[in-house]
Protein chains: 2
Amino acid sequence: MAKQKQDEGPAAKLTINDIARLAGVSKKTVSRVINRSPLLNRETRDKVEAIIRETGYVPNPQARALALGRNFLIGLIYDNPNAQMVLSMQRGILEALHGTEFELVIRPVDRGSNQVMEDIQGFVTRQRLFGVVVLPPMSENDALMRMLDEQGCRYVRMGSAILDDPEHMVASNDREAVADAVRHLIAQGHRRIGLIAGPHGFRSARERREGFEMALAEAGISLPRSLVADGQYTFESGLSASESLFDLTPRPTAIFASNDEMAAGVLYAARLRGIAVPEQLSIIGFDDTPVTTRVWPPLSTVRWPIVAMGRAAALKLIGTAIGEGAEVNEPSMFSSTLIRRGSVAPPVQT
Amino acid sequence: MAKQKQDEGPAAKLTINDIARLAGVSKKTVSRVINRSPLLNRETRDKVEAIIRETGYVPNPQARALALGRNFLIGLIYDNPNAQMVLSMQRGILEALHGTEFELVIRPVDRGSNQVMEDIQGFVTRQRLFGVVVLPPMSENDALMRMLDEQGCRYVRMGSAILDDPEHMVASNDREAVADAVRHLIAQGHRRIGLIAGPHGFRSARERREGFEMALAEAGISLPRSLVADGQYTFESGLSASESLFDLTPRPTAIFASNDEMAAGVLYAARLRGIAVPEQLSIIGFDDTPVTTRVWPPLSTVRWPIVAMGRAAALKLIGTAIGEGAEVNEPSMFSSTLIRRGSVAPPVQT
DNA sequence: CGGGTATAGGAAACCGGTGTCATTATCAAG
DNA sequence: CTTGATAATGACACCGGTTTCCTATACCCG
């Protein structure tokens with residue numbers, strides 16, 4: 001059993017030397033063709049390109065990465081319960097990467113673990129990543145960004161946050177969007193509106209809460225502490241949080257849940273209690289995940305342009321590589337919009 | 001402006017030469033330490049390891065990949081509407097990859113496009129992937145597997161398929177699981193049971209349909225063509241397909257939908273028609289996605305161990321690398337189970 | 001027609017590891 | 001005390017590209 005190293009597969013691996021030999025030029029010339037060097041004879045270029053096309057030669061990216069000192073891998077770091085969001089984000093990023101030589105390497109992490117930092121550091125340094133996109137809530141971790149800076153790893157953070165650093169941030173205006181949603185409820189006549197907040201420490205949770213409070217304050221509606229329940233962005237937490245709101249007298253006539261999962265929990269809880277939606281209770285969620293259209297009634301919600309934001313994040317990242325001087329002009333702030341479905345109606349008169 | 005190559009970032013990149021110099025040994029010896037070569041003096045090893053630990057040296061994977069002729073990237077190829085499934089699969093694979101030097105590169109493709117093959121081929125050859133995991137329905141594409149073979153790219157296909165080739169396949173027994181589900185309906189007294197089938201050409205769709213027919217045949221129940229409606233594995237298709245079933249007289253008292261999305265569509269359609277579930281209509285889905293517990297009533301469904309299957313697939317792939325001689329002993333066949341929730345009840349007597 | 005200047009292209013070093021083989025040190029056996 | 005076997009280590013080529021430096025040729029001008 002002789003080791004057959006060279007002709008392992010039917011697609012014997014071609015090297016730049018083979019191409020050079022076939023074309024009758026030096027490997028340097030082939031390299032110039034590949035990298036589109038402008039100081040090449042037209043004929044020479046055509047000849048080499050023809051051979052490359054015929055043979056189906058593909059430069060070895062490992063060798064390229066080694067020689068160039070950087071590779072073409074973008075990392076996606078996240079720790080997020082929202083599967084739909086993560087997947088949409090992946091899609092957006094991949095759209096931007098399509099046609100480039102970049103690939104996407106994903107890295108879910110466990111925020112709870114106290115090894116997250118080491119884990120991520122090992123990830124970026126070992127793979128010498130070109131850059132990473134960080135999804136919320138990991139993106140709110142400033143220590144992480146410092147570490148990435150130290151490692152010389154580019155990054156873009158996604159989030160519902162202030163634009164302290166537009167170059168490294170793609171954000172949505174959650175606060176204003178939530179305020180809009182709540183204004184909608186108020187316009188329908190609601191005055192006792194409950195909030196199911198997101199987890200403490202999440203910037204998105206704070207932004208959404210502030211938007212909620214802002215709209216109420218504008219309308220001169222006071223917000224007793226009892227109308228605010230804490231949630232964890234999960235269906236179950238929405239379910240249990242809403243029960244404490246239902247126990248209030250008078251009961252709130254509308255509830256804004258800080259994400260769709262919790263909104264679905266509210267709807268489920270209402271069903272268990274025999275509270276009719278939207279007749280006796282209006283509900284608005286946030287994210288516009290598919291679940292909003294699967295339940296009955298379909299949930300009104302706030303949609304943020306996840307795919308577009310993912311695309312923008314990736315373009316920001318690789319833009320710095322492609323056009324050295326070219327300014328990256330991707331927008332950093334995206335607007336969310338209220339999607340009206342069937343879960344909102346005027347309150348019953350009491 | 002002198003170029004400062006060496007001390008670019010705070011984490012100046014160490015090379016194997018630096019370690020060798022610091023340890024007073026040759027780079028080859030350092031390499032031996034890294035690769036746990038057994039023919040090393042204990043003292044030498046300890047000394048080098050100490051230095052590696054102190055300095056935080058990490059071998060450059062690009063260089064390793066180049067020298068070794070293969071890199072440590074696993075690709076995930078999919079074209080699937082089921083976000084939850086894809087994400088669970090990612091999770092399973094990553095669990096298996098955790099602690100190894102492998103990373104996961106994802107590649108959603110567009111099955112419709114006639115460039116899929118070129119796209120994937122470019123992906124695996126350019127990146128010289130170690131191997132790929134292919135999700136259904138892409139995994140049913142035999143031409144793709146031939147191409148991967150030609151490219152010398154390892155692969156494992158996931159699916160609900162016959163085990164023609166256990167080494168390259170991780171499968172679930174959809175047929176038997178569906179038969180179980182339908183037997184459950186029959187045991188409850190149902191006789192007119194509708195099927196919403198998956199798209200033509202999907203092996204999973206065929207398997208599930210065969211399971212359905214099998215259970216009916218066992219019970220001696222005939223299946224008129226009108227009780228079978230075609231679906232596309234989407235919510236909307238489930239919605240419209242179920243309407244044709246609802247128009248039948250007599251109406252089916254139970255419906256098996258070939259996945260949860262379509263089952264949710266059936267439930268939604270029933271709500272629109274004022275058909276009470278489960279009193280007037282029983283529903284069973286397939287996949288056990290989160291939506292099944294968000295809707296009311298929660299849907300009975302068939303659960304297949306996605307995460308475990310993803311883990312097994314990844315282990316099969318990298319197992320061949322880690323233990324050369326060691327047989328990979330991951331199971332190739334996984335069992336699905338019926339999850340009973342609230343969408344099934346005995347039929348009303350007519 | 002000669003000298004200066006682009007410009008194409010080659011030789012060799014390099015990126016940071018790994019493989020092969022030779023060399024040296026150590027030890028048991030004869 | 002010599003010899004052969006064995007363990008530990010090092011020298012050097014190599015993986016497949018890129019980059020630097022240099023030379024040879026073509027072209028331009030006075």
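- Counting non-hydrogen atoms of other residues, nucleotides and ligands closer than 6.0 Å to CD of A:E49 gives a total above 12.
- C:dG17 atom C1' lies 14 Å from atom CG of B:L14, rounded to whole Å.
- Here the side chain of B:S139 pairs a donor or acceptor atom with the backbone of B:M158 at under 3.5 angstrom.
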Practice task
Starting from the C-alpha separation in whole Å, work towards a yes-or-no answer on salt bridge (Lys or Arg N to Asp or Glu O under 4.0 Å) for A:D149 and A:R146.
Solution key: CA-CA 5 Å; A:D149 266 334; A:R146 276 197 301 278; over 6 Å; no

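- Closest approach of B:M145 to B:M138, counting heavy atoms only: CE-O, 4.1 Å.
- A distance of 6.0 Å or more separates the ring centres of A:F72 and A:F130.
- Atom CZ of B:R126 is separated from atom P of D:dG16 by 18 Å (rounded to the nearest Å).
- Within 4.0 Å of B:N35, counting heavy atoms only, lie sugar-phosphate atoms of the nucleic acid but no base atom.
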Quick one: which protein N/O atoms are closer than 3.5 Å to N/O atoms of nucleotides 11-15 of chain D? Pair and distance per line, please.
none

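- Between B:N71 atom CG and C:dG17 atom P there is a gap of 16 Å when expressed in whole angstrom units.
- Closest approach to the B:T29 side chain among D:dT9, C:dG10, C:dG17 is made by D:dT9 (side chain taken as heavy atoms from C-beta onward).
- Using a 4.0 Å heavy-atom cutoff across all strands shown, B:V30 reaches no nucleic acid atom at all.
- Distance, A:R21 CZ to D:dG16 P: 12 Å, rounded to whole Å.
- For the pair A:S31 and B:G24, nearest-nucleotide mapping onto DNA chain D gives the more 5' position to B:G24.
- No option in A:I52, A:T55, A:N17, A:V48 other than A:T55 meets the side-chain contact (heavy atoms from CB on, under 4.5 Å) test with A:L22.
- D:dT18 atom C1' lies 15 Å from atom CD of A:Q62, rounded to whole Å.
- Separating the CG atom of A:N17 from the P atom of C:dG9 is a distance of 17 Å, rounded to the nearest angstrom.
- Phosphate contact (OP1/OP2 of C:dG16, side-chain N/O of B:R64, threshold under 4.0 Å): absent.
- In this structure, B:L40 reaches the sugar-phosphate backbone alone: every heavy-atom distance under 4.0 Å involves primed, P, OP1 or OP2 atoms, never a base.
- C:dG16 atom C1' lies 15 Å from atom CD of B:E101, rounded to whole Å.
- Between the side chain of B:T125 and the backbone N or O of B:Q121, at least one donor-acceptor pair lies under 3.5 Å.
- Side-chain atoms of B:N35 do not come within 3.5 Å of backbone N or O of B:S37 as any donor-acceptor pair.
- Not a single salt bridge (Lys or Arg N to Asp or Glu O under 4.0 Å) links B:E118 to another residue, sequence neighbours left out.
- A donor and an acceptor atom, one from each side chain of A:S332 and A:K316, are located under 3.5 Å apart.
- The phosphate of C:dG17 has OP1 or OP2 within less than 4.0 Å of a side-chain N or O from B:Y57.
- Put simply, CD1 on A:I52 is 13 Å from C1' on D:dG17, counting in whole angstrom units.
- Between its opening and closing five pairs, the helix from C:dC1-D:dG30 to C:dG30-D:dC1 changes axis direction by 50°, a value rounded to 10 degrees.
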